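Please read these numbers as outputs of a predicted model, since none were measured by experiment. Lettering of chains follows the sequences in order, A, B, ..., and the numbering in each one begins at 1.
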Amino acid sequence: MGSLFRSQEMALCQVFLQSEAAYCCTAELGELGVAQFRDLNRDVNAFQRKFVNEIRRCDDIERILRFLEKQCQKEKVPILRLGENPLTPSPRELADLETTLEKLELEMKEFNTNYEALQRNNMDLLELKHVLRKAQTIFDTGEMGAIQDSASHAELMNSLTSRCGPVASGSPPREASISFMAGTILASKVQAFERLIWRISRGTILVRCSDIETLLQDPHTGEDVRKSIFFAFYQGEQLKSRVKKVCDAFRATVFPCPDQPQDIREMSIQIMTRIEDLKTLLGHTQQHRQQVLTASAKNVDSWTVKVRKIKAVYSLMNCFNIDTTQRCFIGEAWCPTQDLERIRMALLRGSEAAECSVPSFITPLKTNDTPPTYHKTNKFTSGFQAIVDTYGVATYREVNPAPFTVITFPFLFGVMFGDAGHGLVMTMMASVLLWKEKVISKQKDMGEIASTIFGGRYIIFLMGLFSIYTGLIYNDVFSRSLNIFGSRWSAQRSVYNLSEDAANNDTTFVFPTFQLDPTNTSSDYIYDNGPYPFGLDPAWQLATNKINFSNSYKMKMSVILGVIHMLFGICLSTFNHTYFKKKINLICEFVPQVIFLSCMFGYLVVLLFYKWIVFTADKSGCTPGLLIGLINMFLLKHQENPVNKDGTECTIYSFYPHQSTVETILVVVAVLCFPWMLFGKPLYNRWHTKRAHYSEVHNIDEATTTESSTDDGHAGDGFMDVMIYQGIHTIEFCLGVVSNTASYLRLWALSLAHTQLSEVIWSMALARGFAFNSILGVPVLFCIFSFWAIGSLCILILMEGMSAFLHALRLHWVEFQNKFYGGNGYPFEPFDLRQIHEGVMPEPA
Amino acid sequence: MTLLTNLFPEVMFNINDGYLEGLTRGFKAGILTRTDYLNLVQCESIDDLKLHLQSTDYGNFLANEPSPVQVAVIDEKLKEKMVQEFRHIRNQAVEPLSTFLDYVTYSYMIDNIVLLITGSLHGRPIGELIAKCHPLGSFEQMEALNIASTTAELYNAVIVDTPLAPFFADCISEQDLDEMNIEIIRNKLYKAYLESFYDFCKNLGGTTQEVMCEILAFEADRRCFTITINSFGTELTKDDRLNLYPTCGKLFPYGIVGLTRASDYDQVRMVAESFSEYKKIFDDIGNQGQGGEKTLEDKFFEYEVKLNVNGFMQQFHYGVFYSLFKLKEQECRNIVWIAECVAQRHRAKIDNYIPIF
């Protein structure tokens with residue numbers, strides 16, 4: 001906890017790197033991951049920096065790697081992702097990698113062009129095969145004759161109806177033989193194609209189209225395309241050229257198709273053999289390609305990591321200054337002072353690796369800049385630190401609420417989520433995550449929700465444990481109570497008789513309702529044997545006045561927990577005041593705040609305990625009300641206790657003698673705290689600055705020493721500014737004490753809601769299943785159980801758990817942390833090359 | 001309800017177009033700023049340019065290109081990115097925004113058609129021409145344009161299926177497709193297109209009308225000026241010229257009459273004198289003296305950029321969509337200009353880009 005209580009001490013350091021060893025040293029520092037570098041060339045363009053060429057080379061390699069990856073995906077070669085983390089390679093390795101990959105790319109591209117050409121060939125042949133087959137059917141079925149007829153008919157119609165068209169005027173004599181053009185076209189373009197042909201020829205060109213059933217592969221994109229065969233019948237040369245133009249326009253492939261059936265048959269046979277030949281050739285090429293790709297698929301991942309690391313190192317080196325002699329690079333970085341020795345070692349290793357005789361070194365600088373906040377966390381505390389950081393990163397070296405949150409957060413959650421059964425389920429779910437931790441943490445891209453849950457696995461685990469604990473205290477397990485120690489209430493015979501009667505009559509079984517009243521000896525249930533050893537007596541589960549009882553109990557408990565929590569928060573502020581040497585804050589903020597809170601709600605808590613201890617069940621008729629009492633205390637209204645008939649005093653208004661005097665004093669003290677908080681600090685500052693000014697006039701030597709001590713917060717501001725600032729804070733605190741205490745009542749409200757909801761789900765679902773007395777109950781219960789289980793899991797554990805989590809979060813962020821936590825820092829983001837294989841790219845700040 | 005929507009059309013704007021407007025404003029935030037341009041101008045090579053563009057909204061759009069990047073590739077990729085954004089918005093748009101966005105593409109279509117016809121007239125292969133076409137204005141029948149040899153044929157065979165068909169109705173009278181006629185077709189198409197777009201925006205009403213009509217009126221006037229100035233010394237008669245002027249601009253009707261009569265640059269300037277916006281533009285050109293850097297075209301571009309930037313000042317209207325893509329187009333031109341200057345080591349004129357923000 002020592003390291004988590006305050007953030008690490010940081011120092012701004014200057015790193016001097018010899019130019020020969022700069023790369024190796026930077027890489028070593030990156031592998032260490034403990035230094036946050038500052039960009040010293042902020043106003044220099046990206047392309048004007050020193051190592052822009054190296055970065056460009058890395059970009060190029062990355063491009064080739066992407067290209068390879070795409071090829072692998074296309075060929076469905078799996079890329080091995082071992083998640084390994086190779087060390088940052090040396091610059092020499094970059095050149096090697098470059099040549100290897102460039103060769104590979106060239107090879108791949110050559111393969112691709114060859115393969116594409118072969119495929120194109122293949123596709124043409126396949127299309128031709130289909131065209132020939134179609135042509136054969138046209139000739140065989142005698143469709144040709146019909147076409148001839150209809151063509152001449154169209155011609156005739158055309159010449160009769162229109163004379164102006166260029167088609168009609170230039171048409172050859174009717175006897176001229178009909179020729180045709182055959183080819184393939186994309187199926188999606190068929191309609192437009194047919195329409196255009198019709199438009200330019202007014203129906204004198206006949207088109208027959210039919211789809212090719214099998215899908216063909218586009219050689220360039222590798223996607224499946226649907227194509228159509230077309231036959232265009234026309235007469236004469238002029239129309240031929242037009243058809244040709246249209247075919248060009250639609251990128252149709254035109255095939256030379258013989259017009260005699262026997263020629264077609266011959267050609268088909270030829271084509272078939274050629275297709276077979278090509279198939280084997282394609283197979284071979286494909287196999288070779290696969291081999292090359294499989295070989296590179298093994299390395300793609302580690303190559304990518306390596307290149308990214310090199311790129312990151314050069315990007316960082318771009319942030320360094322170069323000294324005037326060009327001999328060394330100078331970088332500035334925030335480092336934890338603890339790790340300075342490790343950094344020195346890393347620099348030494350880097351120099352050795354580069355075989356550089358002149359050492360690189362690091363020296364701390366003096367600075368007025370606020371250092372970044374760095375909390376050293378482990379896998380357990382990181383989740384809790386994240387909760388705190390989400391609200392605001394701690395100011396440098398201020399008290400970190402995270403170590404306390406480790407316990408208070410799950411505890412407050414448990415108070416709201418008090419059900420041992422649900423807590424057990426939650427604990428088990430978290431345990432699975434903890435057990436499979438190593439396996440899951442290796443997984444990349446879990447998705448936002450999954451990775452959030454996994455990141456909070458320890459929080460969830462503790463939340464579950466605390467829910468079990470509070471659940472046992474509330475004696476709630478899936479809304480039922482456990483009778484572990486034996487109830488201290490004993491039932492009278494009459495109750496059993498009633499229930500037995502009901503059971504014997506075999507009518508619907510109704511359990512008698514009753515109230516528990518410890519003072520009533522004549523009721524069905526009698527209280528004896530002292531208190532139940534742990535938690536709530538299970539007998540309350542059956543009583544109709546359970547809610548009244550638990551409400552009173554939980555409400556009081558919420559106030560007690562809340563006041564303790566807030567007092568603890570205020571006490572933590574002393575650590576900040578003493579550490580930052582602000583004694584005035586201690587006197588004028590901490591002390592009045594504690595007094596204010598204790599006089600109002602601290603006193604209430606004392607009364608709560610007093611009432612619990614002093615007033616037993618016998619005196620229940622004469623117990624004073626806490627709420628009325630509190631209100632009367634502030635109104636300074638006091639009422640005398642009336643006297644009972646038997647002469648004793650009925651303490652309905654006041655708890656103890658002289659209560660009014662004590663309460664009046666408390667209220668007066670609390671009210672006095674207000675001006676104390678409001679004026680104390682501003683007046684002190686004013687006096688202090690005046691005195692400093694006075695001594696400055698009288699003793700110049702002294703002034704220099706006092707000047708540094710006045711440098712606390714708002715001393716430099718005008719008096720009014722400080723006044724306004726202090727006024728806001730004081731009012732906020734005083735109102736906050738009331739509203740925050742009320743806010744802690746959510747502990748009771750959520751716990752009540754949770755209990756009632758699980759009660760409802762029990763009685764609506766599972767209790768119905770138990771109501772059957774016959775054998776039929778078995779299958780019914782079997783079905784109903786799933787409803788109950790799903791309802792419990794989704795509504796009670798996930799949804800209610802989420803809501804209780806959010807409320808616990810709020811209680812910490814608002815009610816607890818505003819008592820002491822500034823949260824004005826900025827996080828420490830070291831240059832860390834180890835993250836790269838997880839897909840995170842370090843950016844120089 | 002209807003009363004409410006009639007009185008305050010903005011109330012219902014977000015139901016259909018709110019998301020897209022938000023998206024558009026997001027894209028607008030990615031437009032390069034003055035500092036970006038200052039950095040780009042300092043680049044020593046195309047690789048520097050690429051590196052700097054990486055730090056802007058363009059991100060890794062050139063990352064998969066092997067290192068000596070050609071300017072043509074940059075141009076292509078810039079256009080690709082813009083078209084991608086446009087298509088994304090167009091695919092999610094509903095009426096009347098979808099029609100509005102279609103209108104935006106029509107001007108690119110007109111340019112493409114003219115480019116293809118001129119190209120095939122000069123016997124260039126169609127594949128080469130297609131590559132030069134703007135991808136926003138591509139349509140299915142585009143490649144079939146070279147089939148036709150007369151305008152009537154062009155209309156009957158190809159254009160009739162495209163959304164440009166109604167604009168083409170006026171052009172059919174022309175007989176052969178020669179250079180002059182193509183230019184006339186282009187201008188007539190533009191005239192019809194601008195007038196139709198103008199009417200469409202006017203019918204939309206509200207802020208859209210306010211913003212878009214201003215921009216389109218300028219567009220029309222710019223065409224009037226350009227047509228007039230370009231027609232000096234050609235065989236285009238003054239009456240022909242009148243037929244080409246779009247009638248939705250601020251010049252209509254008196255300015256147009258003046259332009260019809262004009263026979264040299266000074267007379268055009270005289271016409272512009274009576275319109276405050278244009279007077280300023282022409283004055284600026286005049287003040288530069290003979291060795292002035294900026295041409296009239298540049299000045300018009302600058303004014304257009306200003307109008308489009310102003311389009312973003314108001315909310316709940318379609319003008320932002322038009323403006324975004326016009327600004328993006330200007331940005332593409334700027335980047336390509338700078339890239340060309342860098343590639344050809346011709347630094348003297350590198351500052352002639354038109355900054356947007």
Side-chain angles (χ1 to χ4, degrees), chain A residues 43-49 51-53 55-70 98 101-102 105-106 109 162 164-167 186 188-202 238-239 241-252 315 318 843, chain B residues 35-56 59-69 116 120 125-130 138-162 165 175-176 342:
Chain A
D43 45 350
V44 182
N45 278 330
F47 53 82
Q48 285 167 341
R49 298 194 175 201
F51 295 101
V52 66
N53 279 324
I55 288 179
R56 216 170 267 155
R57 275 164 67 196
C58 292
D59 275 344
D60 207 48
I61 295 178
E62 274 192 282
R63 179 187 60 77
I64 298 174
L65 284 169
R66 273 198 301 272
F67 168 75
L68 280 179
E69 228 167 290
K70 213 186 244 170
E98 211 172 13
L101 282 172
E102 263 166 16
E105 191 200 11
L106 214 66
K109 280 203 170 142
S162 75
C164 52
V167 181
L186 279 179
S188 56
K189 285 186 175 175
V190 166
Q191 265 198 339
F193 176 74
E194 280 184 343
R195 200 164 47 210
L196 193 67
I197 294 257
W198 190 86
R199 285 241 167 81
I200 57 163
S201 67
R202 305 187 186 216
Q238 205 183 1
L239 282 181
S241 73
R242 291 177 156 255
V243 174
K244 190 107 189 74
K245 269 188 180 174
V246 175
C247 288
D248 283 350
F250 282 89
R251 300 190 182 188
S315 307
N318 270 337
E843 291 276 336
Chain B
T35 39
D36 285 321
Y37 282 118
L38 287 180
N39 283 329
L40 285 180
V41 168
Q42 289 174 28
C43 289
E44 299 276 323
S45 66
I46 296 285
D47 277 337
D48 288 348
L49 195 89
K50 176 177 157 185
L51 201 67
H52 183 78
L53 284 178
Q54 255 176 28
S55 64
T56 66
N60 290 327
F61 83 120
L62 286 173
N64 282 335
E65 298 301 322
S67 208
V69 187
L116 285 173
S120 51
I126 193 97
E128 186 187 309
L129 294 170
I130 291 288
S138 64
F139 52 97
E140 204 179 27
Q141 303 88 344
M142 202 161 74
E143 294 177 53
L145 273 173
N146 65 340
I147 295 166
S149 50
T150 67
T151 41
E153 221 183 337
L154 189 69
Y155 179 78
N156 285 330
V158 185
I159 308 263
V160 74
D161 274 337
T162 68
Q175 271 307 311
D176 282 333
V342 169

S.K.: By a 4.5 Å heavy-atom criterion (distance strictly below it), what part of B/Ile130 contacts chain A: side chain, backbone, both, or neither?
M.R.: side chain
S.K.: Which pair of non-hydrogen atoms, one from B/Leu129 and one from B/Ser120, has the smallest distance, and what is that distance?
M.R.: CD1-N, 3.7 Å
S.K.: Tell me, out of B/Asn39, B/Val158, B/Leu49, B/Val160, who's got the most heavy-atom pairs with chain A below 4.5 Å.
M.R.: B/Asn39
S.K.: Checking salt bridge (Lys or Arg N to Asp or Glu O under 4.0 Å) for the pair A/Arg56/B/Asp48: CA distance, chi angles, key distance, verdict?
M.R.: CA-CA 9 Å; A/Arg56 216 170 267 155; B/Asp48 288 348; 2.5 Å; yes
S.K.: Please determine whether salt bridge (Lys or Arg N to Asp or Glu O under 4.0 Å) holds for the pair B/Asp161 and A/Arg199, giving the CA-CA distance in whole Å, both sets of side-chain angles, and the decisive distance to 0.1 Å.
M.R.: CA-CA 10 Å; B/Asp161 274 337; A/Arg199 285 241 167 81; 2.6 Å; yes
S.K.: The test is side-chain contact (heavy atoms from CB on, under 4.5 Å); show your working for A/Glu102 and A/Asp60 and say whether it passes.
M.R.: CA-CA 9 Å; A/Glu102 263 166 16; A/Asp60 207 48; 4.2 Å; yes
S.K.: Less than 4.5 Å to any heavy atom of chain A: does that hold for the side chain of B/Glu65, its backbone, both, or neither?
M.R.: backbone
